[in-house]
Chemist: 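One structure, pasted below without further comment.
All residue numbers refer to positions in the sequence shown, counting from 1. Counting starts at 1 for both ligands and their atoms, following the listed order.
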Amino acid sequence: MNYQKTSIPLIEARRLPEERILRLTWQDGLVMSFPYTLLQGYCPCAHCRGHVASEIVYLPPKKEISSIELAPVGNYALSIACVGGCNSGIYSFDFLREIGRREGLDQGSLPS
Ligand SMILES: [Zn+2]
């Protein structure tokens, strides 16, 4: 996929279950809050992306995502399983920053 490779480590991934938000904090102080449903829409797995694998495309989920499961993948990515949605997405930290920037999710955090 075509996006900036910053390789800035993620230092915290916190789920806010009531808001259905995943809040991520990077080492440089950037904070982004991702609605679960938005994460599903950007799921980077081959099954979700199909023939548009070379571009970042938002595919609206068929239904709201009410919870997610997280697991670290090495020191470069998060595995995010959307309950009721896709459970095979591996989201690199750079990819998460990129979609957060596209969606304007970094507003209100520290200057970058
Ligand atoms: Zn997927």
Chemist: On a heavy-atom basis, which atom in Ile99 and which in Phe34 lie closest, and how many Å separate them?
Modeler: CG1-CE2, 3.7 Å
Chemist: Under a 3.5 Å distance rule, please check whether Ser33 uses its side chain to pair with a backbone N or O of Arg23 as donor and acceptor.
Modeler: no
Chemist: Between the side chain of Asp106 and the main-chain N/O of Met32, is any donor-acceptor distance below 3.5 Å?
Modeler: no
Chemist: Applying side chain to side chain contact (heavy atoms under 4.5 Å, CB included), can you list everything that pairs with Ala81, at least two apart in sequence or on another chain?
Modeler: Glu69, Asn87
Chemist: Please check: side-chain N/O of Glu64 versus main-chain N/O of Thr37, any donor-acceptor pairing under 3.5 Å?
Modeler: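 No; judged by distance alone, with no hydrogens or angles, the pair does not exist.
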Chemist: Ignoring hydrogens and geometry beyond distance, is a side-chain donor-acceptor pair present between Glu103 and Tyr42 at under 3.5 Å?
Modeler: yes
Chemist: Number of protein N/O/S atoms less than 2.8 Å from the Zn ion (ligand 1)?
Modeler: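 N, O or S atoms of the protein closer than 2.8 Å: 4.
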